[in-house]
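Start at 1 with the first residue, then count along the sequence. Note that the structure is predicted; figures quoted are calculated from it, not measured.
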Amino acid sequence: GVDLPAGKAKLLDGKRVSDSVLDAVKSKVEKLAMSGCVSPHLVVVLIGDDPASQSYINRKEAAAKRCGVRSTVVRLEAEVTEAAVISEVQKRNVDPDIHGIIVQLPL
């Protein structure tokens with residue numbers, strides 16, 4: 001372990017920080033919507049059915065929903081080829097209604 005000088009350590013309330021960040025994102029998304037700008041859309045490309053990856057994606061979907069961000073999960077079989085994954089990402093990358101893409105590991 002690391003020894004910290006007395007009184008120098010800080011306890012971080014991760015839930016509170018997370019809530020603060022999500023609230024700030026939600027506020028910005030609402031402002032975009034009110035101004036007639038884009039409605040943010042996140043696409044997650046999930047390869048295989050790894051339970052840890054699915055859990056991570058579920059949390060991302062919940063956070064996106066909380067913030068007013070559209071989210072789409074594209075599920076691909078574990079045996080998918082690299083070329084097919086690249087094709088899926090490229091197809092979404094040229095879609096003007098998609099503003100972020102995550103390729104969820106493990107690959």
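In this structure, L22 and A63 approach most closely via the heavy-atom pair CD2-CB, 3.9 Å. The heavy-atom pair separating S39 from R70 by the smallest distance is O-NH2, 3.3 Å. Minimum heavy-atom separation, L32 to P40: CD1-CG, 4.0 Å. Closest approach of I101 and V89 over heavy atoms only: CD1-O, 3.8 Å.
Annotation: the span from S87 atom OG to E82 atom CD amounts to 12.5 Å, rounded to 0.5 Å. Residue K31 holds its NZ atom at 8.0 Å from NZ of K28, rounded to the nearest 0.5 Å. Interatomic distance, NE2 of H41 versus CG of D97, reported as 8.0 Å (0.5 Å rounding). With rounding to the nearest 0.5 angstrom, the CD1 atom of I47 is 9.5 Å from the OG atom of S53. Between atom CD1 of residue I86 and atom CG of residue N93 there is a gap of 12.0 Å, rounded to the nearest 0.5 Å.
By the 4.0 Å N-to-carboxylate-O rule, K65 lies too far from E61 to be salt-bridged with it. Between R66 and D19 there is a salt bridge, with a side-chain nitrogen of the basic residue lying less than 4.0 Å from a carboxylate oxygen of the acidic one.
Between the side chains of R16 and S20, no donor-acceptor pair of N or O atoms lies under 3.5 Å. Side chains of N58 and Q54: a donor on one and an acceptor on the other come within 3.5 Å.
For D49, the CG atom sits in a loose shell: 12 or fewer heavy atoms of surrounding residues, nucleotides or ligands are nearer than 6.0 Å.
No continuous path of ILVMFWY side-chain contacts below 4.5 Å connects I102 to V74, so the two sit in separate hydrophobic clusters. Follow the hydrophobic side-chain contacts under 4.5 Å out from Y56 and you never reach V85; the two are in separate clusters. A continuous path of ILVMFWY side-chain contacts below 4.5 Å connects L42 to V25, so both sit in one hydrophobic cluster. In the hydrophobic clustering of this structure, V43 does not group with I57; members are Ile, Leu, Val, Met, Phe, Trp, Tyr whose side-chain heavy atoms approach within less than 4.5 Å, directly or through other members. Residues V73 and L76 do not share a hydrophobic cluster, clusters being chains of Ile/Leu/Val/Met/Phe/Trp/Tyr side chains in contact below 4.5 Å.
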_Check against side-chain contact (heavy atoms from CB on, under 4.5 Å), T72 and V44_ = CA-CA 6 Å; T72 303; V44 178; over 6 Å; no
